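Here's the structure we're looking at; comments come further down.
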Amino acid sequence: MNRYDDKPAHECGVFGIINHPEAARLTYLGLYALQHRGQESAGIVSSDGDRHYRHKGMGLVADVFHEAELNRLAGSAAVGHVRYSTTGSSSLSNAQPIAGDLTMGPVAVAHNGNLVNALELREDLLRQGSVFSSTSDTEVLLHLIASTFADTLEDALGAAMRRVSGAYSMAVLYRERLFGIRDPRGFRPFCIGRFRDSWILSSETCALDIIDAEYVRDVEPGEIVELSSAGIKSYRFAERQPLAQCIFEYIYFAKPDSLIYGHPVYAVRKRIGEQLALESPVDADMVIPIPDSSNVAALGYSKASGLPYEIGIIRNHYVGRTFIEPQQTIRDFGAKIKHNPLPGLLEGKRLVVVDDSIVRGTTTRKIVKMLRRAGAREIHLRISSPMVMNPCFYGIDIPTRTELIAANSTLEEIRRHLRVDTLHFLSIEGLRKAAGGVPGGFCDACFSGVYPVKFAKVGKDLLEESARQPSLLESLSRMEAR
Ligand code: SF4
């Protein structure tokens with residue numbers, strides 16, 4: 001959970017490149033482009049073929065890497081990671097990539113997603129004598145790879161992946177080769193790019209654009225790709241299964257300048273806004289987004305409804321993750337420092353306000369209050385996602401059901417709580433329709449409660465949480481029963 005924004009939070013961003021003399025520097029740029037996928041820690045491991053060089057730290061990419069650190073990251077291959085924690089606490093030991101020396105040589109792993117059987121695997125590995133230095137499920141992956149005793153890394157990766165369950169898009173750096181692996185359901189995005197003779201893996205294509213690389217294709221669900229100076233090799237480690245690509249990437253997570261699952265986020269997000277207007281038209285003076293994540297959906301709403309699109313709220317882009325609030329004067333300072341209604345524009349107006357999702361509703365309520373103070377006559381809130389009713393176990397940080405406003409209130413109760421005149425959430429059918437044209441199935445479990453991958457045991461954090469939150473335990477039992 002993005003504690004400041006009251007929004008679901010990305011788990012991680014992964015970037016890797018081989019066959020480039022400035023591999024670490026390009027990885028640093030790639031991580032910059034993926035910063036929206038994780039802001040708690042950043043790390044890069046590079047390789048010159050014999051040795052690995054590593055640096056990681058807590059904070060943003062710009063805080064963690066400077067000239068001196070990048071100069072030390074030698075070699076023509078590198079893998080990098082930005083992290084926001086769910087499984088495993090927020091600490092430097094959990095920052096990725098996680099690197100280790102295997103019998104075949106040094107290996108570094110960077111992972112986006114969440115293994116739903118990480119706890120079971122960890123217990124097995126501990127019994128076999130493995131020693132862990134972090135609580136992250138990425139280290140479980142590294143130990144699993146080491147414990148296969150296969151002759152080649154590609155065989156070891158295949159054997160390890162057949163034991164894991166859940167969501168993962170993973171880059172593995174080994175000497176000057178880079179392996180990309182995506183789980184058989186394809187939960188998290190992962191693409192392959194090319195820049196002259198260099199090959200790249202990235203969570204999103206926006207990181208390819210930043211280094212002028214071309215998008216080649218996605219890593220297929222259930223596929224291991226091996227990138228080296230000789231080109232691409234492909235191995236399958238799992239049979240084809242029904243896809244469960246995270247549909248929330250199109251609503252909120254991915255940047256609008258990315259292709260996700262091979263399709264432009266901008267176009268899908270705009271169609272989502274158009275669908276929202278078809279489902280819930282209203283007589284109003286203008287459409288405004290809650291910036292920036294709702295800009296494109298609001299544009300779609302405006303196009304389909306014919307209502308003018310205005311920037312009614314100005315966002316401050318320079319607010320860090322934490323700041324010091326006044327102790328005695330203004331309450332709710334946090335929302336105000338980030339969003340400011342445009343003076344004069346909203347006075348006496350009937351507004352359609354588009355937001356991408358509601359989790360707890362705390363920030364939305366504060367923004368509505370600001371709009372009323374700015375003179376809005378009517379506020380018609382339109383949410384470009386269905387109601388978020390369930391937690392995610394596949395790599396996105398969504399709170400437990402007790403904290404989700406939609407899981408505990410009726411639509412009318414939410415409307416009254418937010419103090420808006422009308423309220424509509426996009427229907428699940430409408431969302432699927434708007435994402436139509438994108439081949440394959442989607443995961444929409446946080447809306448529908450239908451979880452594509454079942455599990456017996458989940459991460460340590462989740463189990464501890466379930467002990468505190470009976471409703472989460474209920475939700476886990478419902479999943480196991482399916
Ligand atoms: S549960 Fe929601 S956030 Fe998680 S993978 Fe599925 S659609 Fe994405």
Side-chain angles (χ1 to χ4, degrees), residues 1-2 5-14 36-38 84-87 111-116 118 137 164-170 182-190 203-204 218 221 241-255 258 260-261 263 265 268-269 272 293 356-360 383-401 403-407 425-435 438 440-455 458-459 461-462 465 472 475-476 478-480 482:
M1 186 70 193
N2 186 330
D5 266 349
D6 187 27
K7 292 285 177 194
H10 296 282
E11 174 71 353
C12 300
V14 175
H36 60 290
R37 297 186 78 88
Y84 176 85
S85 61
T86 55
T87 302
H111 161 230
N112 171 209
N114 202 39
L115 306 185
V116 296
D137 50 358
V164 305
S165 181
Y168 51 90
S169 284
M170 184 167 72
R182 196 159 165 227
D183 70 73
R185 296 299 198 103
F187 277 100
R188 307 254 69 86
F190 210 25
S203 294
E204 289 187 35
D218 280 2
Q241 296 181 20
L243 291 179
Q245 303 171 126
C246 173
I247 204 163
F248 225 138
E249 293 279 354
Y250 284 129
I251 298 165
Y252 170 69
F253 299 131
K255 279 183 75 197
S258 282
I260 290 288
Y261 318 131
H263 291 257
V265 173
V268 177
R269 204 166 280 173
I272 285 172
S293 52
D356 52 76
S357 54
I358 292 184
V359 176
R360 295 188 178 96
I383 308 300
S384 62
S385 71
M387 288 180 166
V388 179
M389 308 276 280
N390 307 283
C392 172
F393 302 108
Y394 309 127
I396 298 297
D397 191 5
I398 292 176
T400 54
R401 283 174 59 83
E403 295 173 79
L404 293 171
I405 189 169
F425 289 82
L426 185 67
S427 66
I428 295 181
E429 297 69 32
L431 174 61
R432 289 176 187 150
K433 191 172 160 200
V438 178
F442 292 104
C443 172
D444 54 23
C446 48
F447 310 122
S448 64
V450 178
Y451 287 84
V453 171
K454 298 170 191 166
F455 44 83
V458 291
D461 288 1
L462 211 50
E465 186 67 9
L472 177 60
S475 151
L476 292 172
R478 275 197 300 124
M479 269 179 274
E480 285 186 43
R482 279 200 171 95

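We count residues from 1, following the sequence as given. Heavy-atom basis, side chains included; hydrogens, waters and symmetry copies ignored. Since the model is a prediction, treat every value here as computed from it, not as a measurement. Atoms within a ligand are numbered from 1 in the order they appear, just like the ligands themselves.
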So, R401 side chain and M389 main chain: donor-acceptor pair closer than 3.5 Å or not? yes

Using atom types as modelled and distance alone, determine if a side-chain donor or acceptor of D137 lies under 3.5 Å from a backbone N or O of A118. no

Give a yes or no on whether C446 keeps an N, O or S atom under 2.8 Å from atom 6 (Fe) of ligand 1. no

Residues E249, R269: salt bridge by 4.0 Å N-O rule: no

State plainly whether the residues R37 and E204 are in salt-bridge range, i.e. N to O under 4.0 Å. yes

For C246, the atoms of ligand 1 under 4.0 Å from one of its heavy atoms are 3 (S), 5 (S), 7 (S), 8 (Fe)

Mark up the atoms of ligand 1 that fall under 4.0 Å of a heavy atom belonging to R188, in ascending order. 5 (S)

May I ask you to check whether C392 brings an N, O or S atom to under 2.8 Å from atom 4 (Fe) of ligand 1? yes

From the options N390, V388, I396, select the one whose nearest heavy atom is closest to atom 3 (S) of ligand 1. I396

Minimum non-hydrogen distance to atom 6 (Fe) of ligand 1, winning option of C443, A445, A167: C443

Step-by-step ring-ring contact (aromatic ring centres under 6.0 Å, His included) determination, Y250 to Y261: CA-CA 10 Å; Y250 284 129; Y261 318 131; 5.6 Å; yes

